[in-house]
Student: 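Questions regarding the structure given below will be posed in turn.
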Amino acid sequence: MQNNQSDNGKNRLKAVRALLSSDESREQVLEQFVQLTGQILNIPARFISIVDDDNQDIKAVCNFALKQTAREESLCRHIPDGEGQLVVEDTLLDARFSTHPFVKGKPFIRFYAGVSLTNQKGNAFGTLCVADVRPHKFSQAQLTTLNSLAKLVASLLEAWNSADSADVTTRLPDRRCLIRDIQQLARVEPAQNYRLIVIDCIDMPRIHELSRTVGVVPVENLLKQIALLVAERLRLDEGKKLYCFAPGRFAIIQGVNDKYQAHNIVDVLTGMNASLSENILIDLDIFIGETTFIPQKLSANEILRQAVSALHEAIGEGEGATPFHEDYDTRRTEDFLIMNDLAAALKKDEGFYLVYQPKVCLRTGKTVGLEALIRWNHPERGELYPAEFIPLAKKTNLLSDLTEWIIDRLIAQLACWKKEYALIPVSINVSEKDFAKPDFASRLAARVKQANLSTALIGIECLENELITEKDVAIKGLKSLKSHGFFISLDDFGKGYSNINYLQDIPLDVIKIDLSLITRLAEEGSSRIIVNSIIHMLKELNYTVLAEGVETEAVLNLLKQYGCDQIQGYFFSKPLPASEIEHWLYQNRA
C-alpha cells in the first residue's frame, strides 16, 4: 500500500512538472479552453492552476489578477485535498473563506468554483476554475459542464505531454522539443547567455530531387547517416542534445562559454560525405547560422527564427558560418514590406509607369529601337528602379504579374503611337519563368494582333544566366517566340557565363554586351581587347551587336572602331517617359 502511494506521488509530481514546464503552443491551446469555459458558464474570471507541495501557479488565465501564491493561501488546494471539486457561491457566507486575504483583498474573490484536472492514473495535477467578484448561483448542470471541460483539458494535456517529440527519420529530438527546451531555459536560467547554432548539411531541393531519382527509402537512410555523422563529429558533452528540426538540418544549444561556436563547427564538420547507395557518395556542403540570446528576453520561436535567418544568410552569401545581425533582419524586413507593397500596387494598378531608352545605330545615327523599362513611384519611398524590386518579385509570382502589366501597357502605347508616328521596335525584359510557359508566345502574339500591331515591333530580352541554368525549356520558349515573329535579344552578354557554345542553339537576333565591360573600355587595355574580340566574333556569327551603358564620346569612338552595330546609354539619352520619346519618333519619321 505504501509503495502504491509512493508511486502515485511520483506520477502526480511528474504530471505537475510537465504542466509547469514552458510550452508556448500548449499555453495558447489552454487559453482557448479557459475562454470557452467562461463563455459556456457565463463567469468572467477563469483560469487553470497547478498546486504542488509549496505553491500554486496560474497557467492559463482570463480576467484574474493572480499569477502565483503559496499553497496554504490557495483556494484550489481544497480540491485535490478534498472531493475533487469545490463550489462556493458566496465566500463571505462560508466560514472557511470569509476572512481569507484573497476574499477581503485583491482579487476580491466572492464566488469560486473549481474541479480537479486528473490523469488516467487518477493523479490530480491541477484545477480548472471560474471566479467572480460577486456571488453566483451555480447549478448542478453547470458543475457537470465544468467537470466535462476539465476532463477535456486533462485528456489534451496528457496526450500533449506523452506525444513523441522525435524526428521520424533520425529519431533525434525534433523542432517541437527544441522549442520546449529553449522555453524551459527561460524558466530555470532566464538571465544566462546562450547561443543557438543551426547546421545545414544538405538543402531541401537536393533532397527532393534525390527522392524523385532513387526513391524515399534510400534518401531516408542518407538522412540517418548524416545525423550519425554530425553526432559523431560533434561529440557533445553529456546532457547536451543534437536536434533535427528539419530534414538535413540540425541544432544545438550552447552556453556562450561552451566549446562550440558557428565558425569552429564548420571546421569540425567540413569534408563529410554520406552513402546514397553502395556506389554513390554524396558530398555534404556545410552551412551554419547562430544567434546569441538571453532566454527571458525573446520567445523561443523568435530565437529559432534568428538562427535560421543567419543560416540563410550564410547559404545566400556562400559563407560557411554566419552569426545573426540586426542589419540582416532589417534588410529582410524591408524586402518583405516592399513585396507586400508591390502586391498591393499591382492589385490596385497604382504607381507603375514605363520609360523608354533609345537604341541608336552607330552607322546612321538614327534611333532604331527602344527598350521599355518599368518604374515604380512608391507612395513613401519615391521612385524605385527595377533593381530595387525586380529581384524580390522573382522570388514570387509577382514577377509574372509585372510582366503582364508591362505587356499590357506597351501594347496600348504602341497602338496609340501608331496613329501619329512611324513605329520602331520596342523590347521588354522577360524572365525564363515566363517565356518558357508553353502558351506564352501564342498568347502574346494574339494580344499584339488584336491591337492591329505587328509582332516584329516587340522584342523579348532574356538574361544569359537563365539560358544556362534552364537551357532546354528556355530555348524551346525562345524558338516559339521567334516562330511568331518576335525578335530576340540576349542581355548582359559577358557578365558571367558567356559560354559561346550555346549560341548556335538559340534563335537570337541581337546580343547586348554588358555595361560592366563597356564602362571600362576607356581606362583598361584588357577590356578593349576583350570587347573588340567579342564584337568581331559575334559579327562573324551574323548577330547584331549592341553595347549597353555608353556614356562618353571616347567609348563611342572605340565601339565604332570595333564595328559595333548599336549603342544604348546616357551618351545619347537616359530612359524617357512616353511623352518625351515622341520627339525621337518624330525625328525618326523625318
Side-chain angles (χ1 to χ4, degrees), residues 354-361 366-374 386 390 394 399-418 421-468 470-493 502-513 538 541-546 548 565-566 568 575 578 581 585 588:
L354 291 180
V355 292
Y356 303 84
Q357 187 169 36
K359 301 175 182 179
V360 177
C361 174
K366 286 188 175 183
T367 303
V368 292
L370 303 168
E371 181 180 3
L373 301 164
I374 192 169
I390 293 295
K394 282 184 176 180
L399 184 60
S400 295
D401 295 337
L402 277 171
T403 299
E404 292 297 312
W405 187 94
I406 291 169
I407 290 171
D408 285 343
R409 293 306 180 277
L410 176 59
I411 290 175
Q413 185 62 70
L414 288 172
C416 180
W417 279 339
K418 184 181 178 182
Y421 306 102
L423 296 179
I424 54 178
V426 183
S427 63
I428 57 174
N429 294 278
V430 180
S431 75
E432 177 274 329
K433 182 180 179 181
D434 287 319
F435 68 69
K437 292 176 182 176
D439 62 341
F440 180 82
S442 58
R443 287 192 300 106
L444 179 57
R447 291 159 73 179
V448 171
K449 290 175 181 177
Q450 188 176 11
N452 294 317
L453 298 169
S454 168
T455 54
L457 286 171
I458 294 181
I460 304 299
E461 295 196 10
C462 57
L463 294 174
E464 181 184 9
N465 62 345
E466 292 186 327
L467 298 182
I468 296 295
E470 297 290 348
K471 184 176 180 181
D472 292 339
V473 68
I475 292 174
K476 186 176 180 181
L478 292 177
K479 286 181 176 179
S480 181
L481 284 163
K482 185 70 174 174
S483 70
H484 282 86
F486 300 100
F487 72 92
I488 312 296
S489 299
L490 181 63
D491 205 358
D492 292 350
F493 187 81
Y502 68 82
L503 290 179
Q504 58 189 339
D505 299 324
I506 304 173
L508 295 171
D509 299 295
V510 179
I511 294 183
K512 302 176 71 173
I513 302 176
L538 295 176
L541 294 171
N542 295 319
Y543 293 112
T544 296
V545 182
L546 185 150
E548 297 183 282
D565 297 303
Q566 301 172 10
Q568 187 178 348
I581 281 294
L585 297 176
N588 196 60

Student: When you compare the side chain of L444 with that of I460, does any pair of heavy atoms fall below 4.5 Å?
Tutor: yes
Student: Which residues pass the ring pair (Phe, Tyr, Trp, His ring centres under 6.0 Å) test with Y356, sequence neighbours left out?
Tutor: W417
Student: Quick one: do E371 and N429 satisfy side chain to side chain contact (heavy atoms under 4.5 Å, CB included)? Show the steps, please.
Tutor: CA-CA 8 Å; E371 181 180 3; N429 294 278; 2.9 Å; yes
Student: Given 3.5 Å as the limit, does a donor-acceptor pair link the side chain of D509 with the main chain of S489, or not?
Tutor: no
Student: List in chain and number order the residues that pass side-chain hydrogen bond (donor to acceptor under 3.5 Å, both in side chains) with D439, two or more places apart in sequence or in another chain; answer none if no residue qualifies.
Tutor: R443
Student: Rounded to the nearest 0.5 Å, what separation is found between the CG atom of L481 and the OG atom of S442?
Tutor: 9.5 Å
Student: Nearest heavy-atom pair of A441 and F486: which atoms, and what distance?
Tutor: O-CE1, 4.0 Å
Student: Check step by step if side chain to side chain contact (heavy atoms under 4.5 Å, CB included) holds for C462 and D491.
Tutor: CA-CA 6 Å; C462 57; D491 205 358; over 6 Å; no
Student: Below 4.5 Å, heavy atoms only, C-beta onward: do I475 and I506 meet side chain to side chain?
Tutor: yes
Student: Can you tell me how far OG of S427 sits from CD of Q357, rounded to the nearest 0.5 angstrom?
Tutor: 10.0 Å
Student: Taking all non-hydrogen atoms of both residues into account, name the closest pair between P358 and L370 and its distance.
Tutor: CA-CD2, 3.7 Å
Student: What pairs with C361 under side chain to side chain contact (heavy atoms under 4.5 Å, CB included), at least two apart in sequence or on another chain?
Tutor: R363, T364, V368
Student: Please report the shortest heavy-atom distance between Y543 and D565, naming the atom on each side.
Tutor: O-OD2, 3.8 Å
Student: Among residues at least two apart in sequence or on other chains, which ones pass side chain to side chain contact (heavy atoms under 4.5 Å, CB included) with I406?
Tutor: L354, I374, I428
Student: I390 vs L399, test: side chain to side chain contact (heavy atoms under 4.5 Å, CB included). Steps then yes/no.
Tutor: CA-CA 7 Å; I390 293 295; L399 184 60; 4.2 Å; yes
Student: Which distance, rounded to the nearest 0.5 Å, do you find between the SG of C416 and the CD1 of I411?
Tutor: 14.0 Å
Student: To the nearest 0.5 Å, how far apart are CD in Q566 and OG1 in T367?
Tutor: 10.5 Å
Student: List in chain and number order the residues that pass side chain to side chain contact (heavy atoms under 4.5 Å, CB included) with P425, two or more places apart in sequence or in another chain; answer none if no residue qualifies.
Tutor: F487
Student: Could you pull out all donor-acceptor pairs under 3.5 Å where a side-chain atom in residues 448-455 meets a protein atom, sequence neighbours excluded?
Tutor:
| from | atom 1 | to | atom 2 | distance (Å) |
| --- | --- | --- | --- | --- |
| S454 | OG | A456 | N | 3.1 |
| T455 | OG1 | H484 | O | 2.8 |

Student: I'd like to check the salt bridge (charged side-chain N to carboxylate O under 4.0 Å, His left out) partners of K479; sequence neighbours left out, ordered by chain and number.
Tutor: none
Student: Who passes side-chain hydrogen bond (donor to acceptor under 3.5 Å, both in side chains) against T544, sequence neighbours left out?
Tutor: none
Student: Sequence neighbours left out, what passes salt bridge (charged side-chain N to carboxylate O under 4.0 Å, His left out) with E461? Give chain and number order.
Tutor: K359, K512
Student: Heavy atoms, side chains only, cut-off 4.5 Å: are E404 and D434 in contact?
Tutor: no
Student: Which residues pass the side-chain hydrogen bond (donor to acceptor under 3.5 Å, both in side chains) test with D408, not counting sequence neighbours?
Tutor: R447
Student: Taking all atoms of both residues into account, what is the closest heavy-atom pair of L414 and L423, and its distance?
Tutor: O-CD1, 3.7 Å
